[in-house]
Amino acid sequence: MNLHDFPRTCLGFFPTPVVELARLSKLLGGPKIFMKRDDLTGLAMGGNKTRKLEYLLGDALSQGCDAIITAGAAQSNHCRQTAAAAAKLGMECHLLLGGEAPERPSGNLLLDQIFGCHIHWTGEHRKGEDIPEIFEELLAAQKRPYIVPYGGSNEFGALAFAEAAHELEAQAKGRNFSHIVFASSSGGTQAGLMLGRKMLGKTYQVVGINIDKEEAGELPFNRQILSLANRAARLVGLEQEFSARELILNSDYLGGGYAVIGDLENEAIAMTARTEGVLLDPVYTGRAMGGLIQMIRSGEISRDARVLFWHTGGTPSLFAYANGLDLAWHTGEKLPPTAR
Ligand SMILES: *Cc1c(COP(=O)(O)O)cnc(C)c1O
């Protein structure tokens with residue numbers, strides 16, 4: 001099947017802009033850097049999940065479903081975009097969030113509540129563990145529930161990013177990108193970009209920056225991403241399997257672990273804000289940009305490269321993590337004089 005033959009619903013504004021980050025590039029003495037602004041997908045403060053949800057909820061609607069269930073962390077950007085999409089489509093939305101309810105909601109969680117979704121706190125349970133129970137309850141209430149996978153990452157979510165690679169190609173205007181760099185977590189973005197690259201016959205490197213450690217007993221991330229890419233490839237009738245060699249998942253920048261903000265993230269957020277007026281988030285895009293900055297400094301990405309940084313969103317979580325930011329970076333004290 002062709003990418004356009006799958007059910008899809010319209011949730012965002014596409015294409016998202018591609019801009020050049022000339023001042024950041026100059027500050028680093030580095031290669032040309034471009035940015036794909038998926039923080040501007042337009043749904044409820046934007047982000048990469050909007051693309052996936054167009055395919056996932058398109059599938060849900062085509063099956064006649066009227067309620068959505070998904071799971072994530074308390075500050076999940078995926079859950080926030082799902083809550084907004086469900087509101088727009090008039091569907092009931094159930095979010096299963098890890099941990100306990102905080103005294104005062106902020107960031108993504110505040111927005112989840114504004115969108116009127118049902119929040120179920122899952123305490124110590126593993127992500128998604130309580131989904132079957134909610135599913136059964138909704139069935140018993142004569143609803144037709146649809147489960148959106150963690151991070152929106154199944155083969156339909158990946159298709160959205162194969163489509164996004166085509167969108168980028170139409171905007172590239174002969175700029176020959178050498179690397180596409182982005183934050184990778186549940187893997188749909190990376191699997192989709194790998195598929196799009198193959199469909200288009202491009203040679204750029206698709207470089208995912210891993211932002212989270214693997215949990216014991218989980219399938220390793222690289223195996224999950226390859227499996228996703230292969231399943232999505234079969235949907236569009238691509239015969240070749242992806243090999244492990246085609247997958248670049250960089251785990252050098254995990255720092256203190258998921259959502260632990262260190263110098264890497266603080267510096268990347270401060271430098272990008274001060275040179276380009278663009279906001280990154282501390283959990284995903286700040287870590288990925290920090291990784292890119294290190295790869296440029298170390299020469300792993302050379303000065304004659306042409307890098308596209310895919311901004312995957314996450315901006316609302318800046319407010320929720322405000323107390324974790326080291327203000328000395330953001331007031332400029334820790335930045336090099338050229339960046340203040
Ligand atoms: C979900 C998310 C990612 C990771 O995308 P995956 O497809 O889950 O790998 C990156 N950045 C932000 C801001 C996200 O919300």
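We count ligands from 1, going down the list as the structure has it; atoms in each ligand are counted the same way. Note that the structure is a prediction, hence the values are computed from the model and not measured.
There is no side-chain donor-acceptor pair under 3.5 Å between Tyr321 and Asp281.
Looking at residues two or more places apart in sequence or on another chain, you find a side-chain contact (heavy atoms from CB on, under 4.5 Å) between Glu167 and Phe14, Pro15, Thr16, Lys36, Arg51, Gln171. By the salt bridge (charged side-chain N to carboxylate O under 4.0 Å, His left out) test, Glu136 pairs with no residue at all, sequence neighbours left out. Residues meeting the salt bridge (charged side-chain N to carboxylate O under 4.0 Å, His left out) test with Arg8, sequence neighbours left out: Glu54, Glu163.
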Check ligand 1 for N or O atoms under 3.5 Å from a protein N or O and list each pair with its distance.
| unit_1 | atom_1 | unit_2 | atom_2 | d |
| --- | --- | --- | --- | --- |
| ligand 1 | 5 (O) | Asn48 | ND2 | 3.1 |
| ligand 1 | 5 (O) | Thr189 | OG1 | 3.4 |
| ligand 1 | 7 (O) | Lys52 | NZ | 2.6 |
| ligand 1 | 7 (O) | Gly188 | N | 3.4 |
| ligand 1 | 7 (O) | Thr189 | N | 2.9 |
| ligand 1 | 7 (O) | Thr189 | OG1 | 2.7 |
| ligand 1 | 8 (O) | Ser186 | N | 2.9 |
| ligand 1 | 8 (O) | Ser186 | OG | 2.5 |
| ligand 1 | 9 (O) | Ser185 | N | 2.7 |
| ligand 1 | 9 (O) | Ser186 | N | 3.2 |
| ligand 1 | 9 (O) | Gly187 | N | 2.9 |
| ligand 1 | 11 (N) | Thr312 | OG1 | 2.6 |
| ligand 1 | 15 (O) | Lys49 | NZ | 2.9 |
| ligand 1 | 15 (O) | Asn77 | ND2 | 3.1 |

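Ring geometry for His94 versus His120: interplanar angle under 30°, hence parallel rather than tilted (30 to 60°).
Side-chain contact check for Phe135 versus Ile147: some heavy-atom pair is nearer than 4.5 Å.
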